[in-house]
Amino acid sequence: MQEMNLFLFLTNLAVIALCGILSAAVPALTRKSYLFGVKIPMEQRGCPEAKRLIRRYAAVCALCAAGILALNAAQYVFFPGRTLVAMLYYPLLLIPMQMLAYVPNWRAALRLKRERGWQVSDAAFAETGSAFSRGNLRALPWGWYAASLAVILASVVAALARYPSLPEVIPTHFDINMQPDAWAAKSIGNVLALPLVNLGMLLLMYATGIALVKAKLQIDPQDPALSFAQHRAYRRLMGHAFGLLTFSLALVIALMGLPTLFEGFKIPFWLVIPLILLPTAGLIGVVVYAGQGGCKLKPKIIMEAPGASGKIGFSQRDDDRYWALGLFYHNREDPAILVEDRFGSNLGFNYARLPVKIALGIFLAAFAAGYAWLTVLLWNAEVFA
């Protein structure tokens with residue numbers, strides 16, 4: 001048990017350090033036309049004042065990450081049996097950490113823009129509208145999803161084949177040492193529960209992959225052909241990285257179901273951990289390498305950007321007043337649900353849209369309930385007491 005807690009503690013250290021480094025690097029991944037969520041002239045991103053804000057942000061991220069690391073070390077020294085519970089909550093501490101580093105710099109960027117009188121055009125990006133320029137499902141890396149479905153079907157076949165020979169009471173849950181700690185009566189539903197969860201995960205990841213492919217592009221009108229090529233290269237890289245992560249998760253969930261079907265079967269941590277961490281590291285690597293919307297890529301330009309010349313997208317989207325803290329877009333007049341973030345390299349939401357409000361409410365409720373359930377479960381587990 002001491003070895004397991006040490007392993008979890010070291011994992012905590014690695015995750016916190018990695019998140020601290022990535023948080024500090026976010027300004028470098030964001031388009032140069034944004035400074036901490038504030039729209040600025042692209043050429044002003046390199047001014048001394050802007051560079052000073054970026055350095056201050058990185059320093060605060062580093063200090064906060066060091067504080068969380070120290071807290072993690074104190075927890076392991078005084079309460080080593082609660083390391084897994086702590087692992088559940090340390091990622092949450094990273095959220096106020098980043099906000100503490102971000103908000104003062106967002107305010108400073110607004111003040112700098114106002115004092116310098118920086119003016120930007122109403123629409124800095126043209127938004128493509130055609131189905132071709134937005135992407136189509138042929139661009140989706142189907143191989144990863146087909147392989148994931150094959151793993152799930154194999155687990156279903158294995159479950160049905162083993163069903164007649166299973167005992168009347170089967171284990172349905174295992175502790176960190178792969179010892180059964182929950183049982184249930186044998187039934188088709190109990191045997192196929194994990195494959196069905198796996199299928200749900202695949203459908204969710206597939207829907208996310210489609211959203212990545214079909215989201216409208218934001219093309220820089222100053223060089224639309226290059227911008228379009230960057231977007232296509234970025235989506236191709238992200239598609240494969242996301243597909244690999246989907247396949248790895250399907251494989252891990254399928255492996256987790258084998259101890260129920262085969263008595264004595266154990267999943268070694270040396271196999272499970274790389275299956276999760278390596279694809280995740282690859283996804284992070286693509287984000288760091290490519291930047292927001294592929295803005296750091298230098299792809300070969302082989303064609304003009306279809307639909308990017310002449311059609312200007314929703315111009316109010318570049319108005320600072322519609323971006324709370326420079327992070328949260330809220331505009332009732334904009335029909336879009338997905339928009340490009342102003343800080344980082346992700347897609348964000350238009351929080352004025354009713355579907356987004358409903359989905360956000362459901363997510364927050366499920367997230368809080370899930371965290372409460374996991375906290376009670378892990379806190380009361382004798383193996384960690």
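Both tests pass for K186 against the ring of Y163: distance under 6.0 Å to the centre and angle within 45° of the axis.
Using a 4.5 Å heavy-atom threshold, the side chains of L35 and L53 count as touching. Annotation: side chain of Q119 is not in contact with side chain of P41 (no heavy-atom distance under 4.5 Å). At a threshold of 4.5 Å between non-hydrogen side-chain atoms, the residues I210 and L140 count as touching. Between Y322 and H330 the shortest side-chain heavy-atom distance does not fall below 4.5 Å. Between I188 and L160 there is a side-chain heavy-atom pair separated by less than 4.5 Å. Side-chain contact between L93 and L71 is present, with heavy atoms from C-beta onward closer than 4.5 Å. Side-chain contact between P299 and L226 is present, with at least one heavy-atom pair separated by less than 4.5 Å. Proximity of M201 to S148: side-chain heavy atoms (C-beta onward) are nowhere separated by under 4.5 Å.
Every side chain to side chain contact (heavy atoms under 4.5 Å, CB included) that A324 has, sequence neighbours left out, goes to F328. By the salt bridge (Lys or Arg N to Asp or Glu O under 4.0 Å) test, K357 pairs with no residue at all, sequence neighbours left out. Under the side chain to side chain contact (heavy atoms under 4.5 Å, CB included) criterion, F367 pairs with L92, F363, Y371, sequence neighbours left out. Residues meeting the salt bridge (Lys or Arg N to Asp or Glu O under 4.0 Å) test with E43, sequence neighbours left out: none. Taking T280 as the reference, L245, I276, I284 meet the side chain to side chain contact (heavy atoms under 4.5 Å, CB included) condition, with sequence neighbours excluded.
Between W144 and H240, the ring planes lie perpendicular to each other; the angle is over 60°, past the 30° to 60° tilted range. Note on ring orientation: taking the six-membered ring where Trp is involved, the planes of F343 and Y57 are perpendicular (angle over 60°, cut-offs 30° and 60°). Using cut-offs of 30° and 60° on the angle between ring planes, the pair W323 and Y329 is tilted.
More than 12 heavy atoms of other residues, nucleotides or ligands sit less than 6.0 Å from atom CZ of F262. Counting non-hydrogen atoms of other residues, nucleotides and ligands closer than 6.0 Å to NZ of K32 gives a total of 12 or fewer.
Although no hydrogens or angles enter the test, the distance criterion places no donor-acceptor pair under 3.5 Å between the side chain of N12 and the main chain of N72. A donor-acceptor contact shorter than 3.5 Å is absent between the side chain of R332 and the backbone of A352. No donor-acceptor distance shorter than 3.5 angstrom exists from the side chain of N331 to the backbone of N350, with no hydrogens or angles considered. Distance alone, capped at 3.5 Å, is enough to place a donor-acceptor pair between the N198 side chain and the A250 backbone. Judged purely by atom type and a 3.5 angstrom limit, K296 uses its side chain to pair as donor or acceptor with the backbone of V288.
Through side-chain heavy atoms spaced under 4.5 Å, either directly or across other Ile, Leu, Val, Met, Phe, Trp or Tyr residues, L278 is tied to no other residue.
When every heavy atom of V38 is checked against every heavy atom of A109, the shortest pair comes out as CG2-CB, 3.8 Å. Heavy-atom minimum distance, T30 versus G344: OG1-N, 2.8 Å. The minimum heavy-atom distance linking A24 with P27 is given by the pair O-CD, 3.5 Å. Nearest approach of V156 to P195, heavy atoms of both residues: CG2-CB, 3.8 Å. Across all non-hydrogen atoms, the minimal contact from G291 to Y234 is O-CE1, 3.6 Å. Residue M97 comes nearest to S23 through the heavy atom pair CE-OG, 3.7 Å, listed as atom of the first residue, atom of the second, then distance.
Under the side chain to side chain contact (heavy atoms under 4.5 Å, CB included) rule, R107 has a single partner from V103, N105, L110, which is V103.
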List the steps, then state whether side-chain contact (heavy atoms from CB on, under 4.5 Å) holds for F242 with Y145. CA-CA 10 Å; F242 198 76; Y145 298 101; 3.6 Å; yes

Tell me, with the steps shown, if L297 and L237 meet side-chain contact (heavy atoms from CB on, under 4.5 Å). CA-CA 11 Å; L297 298 177; L237 290 172; 4.2 Å; yes

Kindly determine whether L327 and R342 satisfy side-chain contact (heavy atoms from CB on, under 4.5 Å), including the steps that lead there. CA-CA 6 Å; L327 297 173; R342 282 185 163 202; over 6 Å; no

Step by step, work out the side-chain contact (heavy atoms from CB on, under 4.5 Å) result for Q292 and V287. CA-CA 7 Å; Q292 187 174 23; V287 172; over 6 Å; no

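We find that D320 and K113 are joined by a salt bridge, their nearest charged nitrogen and carboxylate oxygen being less than 4.0 Å apart.
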